[in-house]
Amino acid sequence: MKTSGTTDAVLPLSKKQKCACNIVMGCLLVAAGVILALAGTGVIKAAVSDIAAPTVLFGFGSAVLLSAIIAKNSLSMWFAGVVLACGLTSLLAVTTPAGYAQLYPIYIASPAIGCVCSLWFAELKFPQIKAMLFFGLLGGIFALGSSGACGYGLVGGLLAAFGGLVVIAIALESYLKKDRVENA
């Protein structure tokens, strides 16, 4: 849904926007169905069980993304980014030698990817950037372990240090925010 420039009021979509969103979603659902049917009949040389998740996730994510662009809705953009990141992970697991054991950090970083998408329409940018940093760094730490670049002992230590830094950052932000309010 479209917002009025503040996060409190939500404006309804116009009749034309609703129609466009529904047509886009319908077309993407038809496309996903055709792809799965072609795989089921052997025209596409892939098992339906292998391509079902990426097809559905990309179809649904694309529909939400296009609708979010039409509605200029940052929350829908965030959701589309998360769903498309998960679809990408499923697609990479099917089309590359990497499996979910190597690709799961993308799932952890998917909220950061969603924030990147929603930044375009977000009224407040700083909370988006903080979330991108948090989930991006968290996914990056797990990627070190899943890629084999370092062992999970080091990953555990990095996670503990990261958690400590997050606690310190939240404490400082809370303190400085309170101090700014008292001095205003």
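Note: hydrogens, waters and symmetry copies are ignored here, and every other heavy atom, side chains too, is used. Just so we're clear, the structure is a prediction, and the values are computed from it rather than from any experiment. Each residue takes its place number in the sequence, starting with 1.
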Indicate every side-chain donor-acceptor pair of residues 141-159 with a distance under 3.5 Å to a residue at least two apart or in another chain.
from	atom 1	to	atom 2	distance (Å)
S146	OG	Q102	O	3.1
S146	OG	A143	O	3.4
S147	OG	A143	O	2.9
S147	OG	L144	O	3.1
S147	OG	A149	N	3.3
Y152	OH	Y104	OH	3.2
Y152	OH	S146	N	3.4

Just distance, no hydrogens or angles: give the donor-acceptor pairs under 3.5 Å from side chains in residues 35-59, sequence neighbours left out.
from	atom 1	to	atom 2	distance (Å)
T41	OG1	A37	O	3.2
T41	OG1	L38	O	3.1
K45	NZ	G42	O	2.9
T55	OG1	I51	O	2.6

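- The side-chain contact (heavy atoms from CB on, under 4.5 Å) search around L28 returns V24, S62, A63, L66, not counting sequence neighbours.
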Atom pairs and distances, donor-acceptor, side-chain atoms in residues 106-121, under 3.5 Å, two or more places apart:
from	atom 1	to	atom 2	distance (Å)
S110	OG	Y107	O	2.7
S118	OG	G114	O	3.4
S118	OG	C115	O	3.2
S118	OG	Q128	OE1	2.7

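- Counting heavy-atom neighbours within 6.0 Å of K125 NZ, excluding the residue itself, gives a total above 12.
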Table please: side-chain donor-acceptor pairs of residues 162-170 below 3.5 Å, with sequence neighbours left out.
none

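- How far CE of M77 is from NZ of K72: 11.5 Å, rounded to the nearest 0.5 Å.
- Nearest heavy atoms, S76 versus V64: O-CG1, 3.5 Å.
- Summarising the geometry, atom CD1 belonging to I129 is positioned 7.5 Å from atom CG belonging to L133; distances are rounded to the nearest 0.5 Å.
- In this structure, the ring-ring contact (aromatic ring centres under 6.0 Å, His included) partners of F60, at least two apart in sequence or on a different chain, are F79.
- When side chains are defined from C-beta on, S67 counts as touching M25, because their heavy atoms get closer than 4.5 Å.
- Linking Ile, Leu, Val, Met, Phe, Trp and Tyr whenever their side-chain heavy atoms come within less than 4.5 Å puts L84 and L103 in one cluster.
- L65 contributes atom CG, which lies 10.0 Å from atom CD1 of I70 (distance to the nearest 0.5 angstrom).
- Separating the CG atom in L124 from the NZ atom in K130 is a distance of 10.0 Å, to the nearest 0.5 Å.
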